[in-house]
Undergrad: 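Got a structure here, written out as structure tokens. Questions coming.
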Amino acid sequence: MTTQNQPQNQPLSKLQGFFSKPDSALPAPGAMNVEKYRQLLERALSSVPTGQRLLRFAAQQRITTHVIPGKGTSGYLPENRAVYVVLPAGLSTVLPMDILELGAYLRQAELQILGAKNPDESMTSEQFTVAFDAKIIDSIAVMCKMATEFDEKGQSEFIDALITSGHSELYEAYRNYGQGEELVDVYYRLIEKTA
Amino acid sequence: MLMQAQWHKLDRDRTVAMIDNVKSSGDHILFSLATSEAKCAKLSFYRSLLLYRLTNYSSLPSFSFDYLGDGKTYVHLDGSPTAIYAANDSGNLALSAETVLDYIVFFFSHVSGPDGDVYVIEDPSNHPVLGALNYMQMDDIVARHEAPEITPDHAGGFTVKTSLYYLGSLVRATITVDAAGRVDVTDSQMLLSIGVDLAEHGVSA
């Protein structure tokens, strides 16, 4: 942690004037369109074994990926057999975390098709909680697995992305013990801490 | 004190009507009655527009889109300022010294910055996005935080100095909001770098 006094820090200075530009609603030079974004995400994902396997499964099962301009979370919608990826305005590159999340959503689709369904209103409260936690833990594990595969190719920014987005303890548990009890313990410990 | 959104769940008929409306505006078929919920909240700075939120609970995590609407037409808040500025230009905006901070919070909740999300910090000890920080980081933020200052100008606009959390840093920013609701960050000073990007990632514990 550092304390700084840098009013001309580059990322901060980009905020100045950004929202008031007459063309701020228009894509900046190099900004994404939805199709380019989808292609870049899938291309990056396909460069590691787990991502490649998930994309192949999605193609076989006709799971589609749609990109929608917006703000907020992306997700897999079982009733549509589709992954929806939100594309923030002004984004000019694909981010490691977005690539890992696409893999996690494709994994959710795979589990759904294999019979481990997303929680829904037909479930009892206990069934809902078990299904919810199991899917989230599995999603985190598959993101950790892919980040490790990227790291083995020399792309450490994927592990950095997991850590800077608050998953450091979960990643440490995965790295040391794999997808086992330790990861589950850390998950529930974090849940209790934030409850 | 910032307004907390008071959400009201829409009944079945109004939910169906809203889903039909946003479907026809080209937002794919993301929401169905069986798996989705619609709710709305009053915004202190709009006369007749409400904030609407459609949430599909079948995805993990749940998948939401926000809209500004009057109960008949809805504009998707797509992360750019365009929809908000259009709503302002329709004559619905009612900015005052009491509502301008709410407006800024709403604005940055729905518009992305050039490199990520911007969070307005009015009270760091009670801000959900800072919940992932540890006690030492929180103590540093609380020590450096200053309460917002609001100064009206002669043209119906306001200058607001407030803390922002952006790209893992606590920032003291000067923000102007003109009478039409156009937002401009005119100055920003980094107070503290934490290095934790608290952007809303979909899969999180």
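Below, chains carry the letters A, B, ... as their sequence lines are ordered, and counting in each starts from 1. Keep in mind that what you see is a predicted model, and the values were worked out from it rather than measured.
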Undergrad: Hey, does B:S59 have a side-chain heavy atom less than 4.5 Å from the side chain of A:L77?
TA: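 A side-chain contact under 4.5 Å exists here.
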
Undergrad: Between B:S62 and A:T73, what is the shortest heavy-atom contact and its length?
TA: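 Taking every non-hydrogen atom into account, O-OG1, 3.4 Å.
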
Undergrad: Measure B:T35 against the heavy atoms of chain A and call it side chain, backbone, both or neither at under 4.5 Å.
TA: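 Just the side chain, heavy atoms under 4.5 Å.
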
Undergrad: What part of A:V186 gets within 4.5 angstrom of chain B, counting heavy atoms only: side chain, backbone, both, or neither?
TA: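 Interface part for A:V186: neither.
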
Undergrad: Looking only at heavy atoms, which two atoms of A:G70 and B:H76 are closest? And how far apart?
TA: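 Heavy atoms of A:G70 and B:H76 come nearest at CA-CE1, 4.4 Å.
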
Undergrad: Side chains of A:Y76 and B:F63, heavy atoms from C-beta outward: is any pair under 4.5 Å?
TA: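 No, side chains not in contact.
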
Undergrad: Tell me if a side-chain donor or acceptor on A:N118 pairs with a main-chain N or O of B:S58 at a distance below 3.5 Å.
TA: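 Checking the backbone N and O of B:S58 against the side chain of A:N118, a donor-acceptor pair under 3.5 Å is found.
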
Undergrad: Sort A:N80 into side chain, backbone, both or neither according to what part of it lies under 4.5 angstrom from a heavy atom of chain B.
TA: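 When you check distances to chain B, only side chain atoms of A:N80 fall under 4.5 Å.
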
Undergrad: Can you find a heavy atom in the side chain of A:F19 that is under 4.5 Å from one in the side chain of B:V185?
TA: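 Yes - at least one pair of side-chain heavy atoms lies under 4.5 Å apart.
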
Undergrad: Could you check whether any side-chain heavy atom of B:F65 comes within less than 4.5 Å of a side-chain heavy atom of A:I68, counting everything from C-beta outward?
TA: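 In short, these two side chains touch, coming nearer than 4.5 Å.
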
Undergrad: Which atoms of B:V111 are under 4.5 Å from chain A, going by heavy atoms: the side chain, the backbone, both sets, or neither?
TA: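 Both parts, heavy atoms under 4.5 Å.
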
Undergrad: Is the shortest heavy-atom distance from the side chain of B:V118 to the side chain of A:L15 under 4.5 Å?
TA: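 Touching, per the 4.5 Å side-chain cut-off.
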
Undergrad: Please say whether more than 12 non-hydrogen atoms of neighbouring residues, nucleotides or ligands are located less than 6.0 Å from NZ in B:K161.
TA: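 No, NZ of B:K161 has 12 or fewer neighbouring heavy atoms, counting only those of other groups under 6.0 Å.
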
Undergrad: Determine, step by step, whether B:D187 and A:Q16 satisfy the side-chain contact (heavy atoms from CB on, under 4.5 Å) criterion, reporting the C-alpha distance in whole Å, the side-chain angles of both residues, the deciding distance to 0.1 Å, and the verdict.
TA: CA-CA 6 Å; B:D187 186 39; A:Q16 295 171 25; 4.2 Å; yes

Undergrad: Side chain from CB out, backbone as N, CA, C, O: work out which of these in B:A34 comes under 4.5 Å of a heavy atom of chain A, or both, or neither.
TA: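 Just its backbone gets close to chain A.
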
Undergrad: For B:K9, does the NZ atom have more than 12 heavy-atom neighbours from other residues, nucleotides or ligands under 6.0 Å away?
TA: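 No, the 6.0 Å shell around NZ holds no more than 12 heavy atoms from other groups.
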
Undergrad: Under 4.5 Å between any side-chain heavy atoms of A:Q108 and B:L60, yes or no?
TA: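 Of all side-chain heavy-atom pairs linking B:L60 with A:Q108, at least one is under 4.5 Å.
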
Undergrad: Check this for me: A:E35, atom CD, are more than 12 non-hydrogen atoms of other residues, nucleotides or ligands nearer than 6.0 Å?
TA: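 Yes.
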
Undergrad: Taking NZ, NE, NH1 and NH2 as the nitrogens, is one of them in B:D66 or A:K71 under 4.0 Å from a carboxylate oxygen of the other?
TA: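 The answer is no: the pair does not qualify as a salt bridge.
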
